[in-house]
Q: 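Before anything else, here's the structure in question.
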Amino acid sequence: PIERYSVGGREIWVKREDQACPSPGPPFSKVRGLVPALEKLASNGIFTVGYTETSISMAGWGVAWACKKLGMKAVIFDPQYKNTPALLEHHRKQWKQFGPEIIPIKAGMAKVNYFISKKTLKDNYPNSWLLPLGLVLPETIEATQQVAMKLKNDFHTIVVNVGSGTICSGLLKAFTNHKVIGVMGRTGNVQRKRQMILSKARLQDGGMFGVKGFDLVDPGWQYT
């Protein structure tokens, strides 16, 4: 749904992407692309998928839910903290209702843990696949674009939270003539993130056929 809010005397319309997935799945719109990606793997004979979870992501919840729905096996690599974040504890409870295999790994840099997970999965689960960090999937970009293009085309400015930039890429493909403002949920190199988002969307920056109005803002927030 789309809901209207009044903020500082201005009308703000909010697309409730946290309601994109039916309960008991996660309030996490990336499942739109996750489901077709898993279906593609299953059609190629891969029925076991792994995911390297982080401290606050809902991706593991989505993977466990989608695998249960599709009759596939989920293997979640679960980071172990000295003091477990409350949100991670909540997400663990969500995973468990769908019966994934959970493998504890030492908390650390996500990219390092990704490669540890990849080796563990390969060594112990023949014919398996480790999903990318952040569920950065071309199917998610496409699914986001398709949903966005169904909306009434009467707004001028779109504001979106940017993590991996996957959702933002889909919006840019749908709204090539609109102003799109991405707000980074994790501080970093703005220019590098911007180019990565455009590259995922396969779009040029400016020019006759490029993106006309794409701003990326870094408020300096940390990931957690």
Q: Compare every heavy atom of Y51 with every heavy atom of S57, then report the nearest pair and how far apart it is.
A: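 Heavy-atom minimum between the residues: OG-OH, 4.3 Å.
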Q: Rounded at 0.5 Å granularity, tell me how far CG in N113 sits from CZ in F77.
A: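 Here the interatomic distance stands at 10.0 Å.
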Q: Under a single-linkage definition using a 4.5 Å side-chain heavy-atom cutoff for Ile, Leu, Val, Met, Phe, Trp and Tyr, are L130 and V112 assigned to the same hydrophobic cluster?
A: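 No, L130 does not connect to V112 through the hydrophobic network.
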Q: Using distance alone, with no hydrogens and no angle criterion, decide if N189 and Q191 have a side-chain donor and acceptor under 3.5 Å apart.
A: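 Note: N189 and Q191 side chains miss the donor-acceptor criterion.
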Q: What about F214 and L171, same hydrophobic cluster or not, with Ile/Leu/Val/Met/Phe/Trp/Tyr joined at side-chain heavy-atom distances under 4.5 Å?
A: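 Yes; tracing contacts between hydrophobic side chains, which count when under 4.5 Å, links both residues.
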Q: For the residue pair H178 and F155, what are the closest heavy atoms and their distance?
A: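 H178 and F155 have their closest heavy atoms at CD2-O, 2.7 Å.
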Q: Using 0.5 Å steps for rounding, measure from the SG atom of C67 to the CD atom of E101.
A: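 Here the interatomic distance stands at 12.5 Å.
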Q: When rounded to the nearest 0.5 angstrom, what distance separates CH2 in W65 from CG in L70?
A: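 Those atoms lie 8.0 Å apart.
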Q: Do you know which two heavy atoms are closest between P79 and L88, and how far apart they sit?
A: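 Nearest heavy atoms, P79 then L88: O-CD2, 3.7 Å.
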Q: If we only count heavy atoms from C-beta on, is the S117 to I105 side-chain gap below 4.5 Å?
A: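 Counting from C-beta outward, S117 and I105 do come under 4.5 Å.
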Q: Is it true that, when you exclude F115 itself, more than 12 heavy atoms of the residues, nucleotides or ligands shown sit nearer than 6.0 Å to its CZ?
A: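 Atom CZ in F115 is not packed in, count stays at 12 or less.
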Q: What pair of heavy atoms forms the shortest contact from E53 to M58, and how long is it?
A: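 Smallest interatomic distance, heavy atoms only, reads OE2-C, 4.2 Å.
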Q: Report the distance from atom OG of S29 to atom NZ of K15, rounding to the nearest 0.5 Å.
A: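 That separation rounds to 8.5 Å.
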Q: Measuring from atom CD1 of I158 to atom NZ of K179, what distance do you get when rounded to the nearest 0.5 angstrom?
A: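 Those atoms lie 12.5 Å apart.
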Q: Is any side-chain heavy atom of T84 closer than 4.5 Å to one of R92?
A: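 The answer is yes, as the side chains (C-beta and beyond) meet within the 4.5 Å cut-off.
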Q: Between F28 and V136, is there a shared hydrophobic cluster once you connect ILVMFWY residues whose side-chain heavy atoms come closer than 4.5 Å?
A: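 Shared cluster, no.
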Q: Can you name the nearest heavy-atom pair linking K173 to A201, along with the distance?
A: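 K173 and A201 have their closest heavy atoms at NZ-O, 3.3 Å.
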Q: Verify the cluster assignment for V190 and L172: are they in a single hydrophobic cluster under the rule of side-chain heavy atoms below 4.5 Å apart?
A: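 Yes, one cluster joins them.
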Q: Below 4.5 Å, heavy atoms only, C-beta onward: do I197 and K200 meet side chain to side chain?
A: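 Of all side-chain heavy-atom pairs linking K200 with I197, none is under 4.5 Å.
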Q: Please assess T157 against I181 for the test side-chain contact (heavy atoms from CB on, under 4.5 Å), listing each intermediate value before the final yes or no.
A: CA-CA 7 Å; T157 305; I181 302 173; 3.8 Å; yes
Q: Do the non-hydrogen side-chain atoms of K193 and R186 ever get within less than 4.5 Å of each other?
A: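 K193 does not reach R186 side chain to side chain.
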Q: Any donor-acceptor pair under 3.5 Å linking the side chain of T144 with the backbone of T140?
A: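 Yes, the answer is positive, given that a donor and an acceptor are paired below the 3.5 Å cut-off.
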Q: Quick one: do E139 and K40 satisfy side-chain contact (heavy atoms from CB on, under 4.5 Å)? Show the steps, please.
A: CA-CA 10 Å; E139 291 85 355; K40 197 178 291 182; 2.9 Å; yes
Q: Could you give the distance from CZ (R4) to CD1 (I12), rounded to the nearest 0.5 Å?
A: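 These two atoms lie 12.0 Å from each other.
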Q: Taking C-beta and beyond as the side chain, do Q222 and T187 meet within less than 4.5 Å on heavy atoms?
A: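 Counting from C-beta outward, Q222 and T187 do come under 4.5 Å.
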Q: Can you hop from V75 to V63 via hydrophobic side chains spaced under 4.5 Å?
A: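 As far as the 4.5 Å side-chain criterion goes, V63 and V75 are not connected within one cluster.
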Q: State, with a plain yes or no, whether a side-chain heavy atom of Q97 is found less than 4.5 Å away from one of Q94.
A: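 Sidechains of Q94 and Q97: in contact.
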Q: Could you tell me whether a side-chain N or O of N127 sits under 3.5 Å from a main-chain N or O of F47, the two making a donor and an acceptor?
A: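 Such a contact is absent between N127 side chain and F47 backbone.
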Q: With a 4.5 Å cut-off on side-chain heavy atoms, are K30 and L137 touching?
A: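 L137 does not reach K30 side chain to side chain.
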Q: Using side chain to side chain contact (heavy atoms under 4.5 Å, CB included) as the criterion, point out the one residue from V180, V183, V162 that pairs with L216.
A: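 Among the candidates, only V162 passes.
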Q: Verify side-chain contact (heavy atoms from CB on, under 4.5 Å) between L131 and L34, making sure each step is shown before the conclusion.
A: CA-CA 9 Å; L131 293 163; L34 173 63; 4.0 Å; yes
Q: Taking the side chain as everything from C-beta on, heavy atoms only, tell me whether L38 gets closer than 4.5 Å to V49.
A: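 Touching, per the 4.5 Å side-chain cut-off.
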Q: Nearest heavy-atom pair of W61 and P24: which atoms, and what distance?
A: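 Between these two residues, the closest heavy atoms are NE1-O, 3.1 Å.
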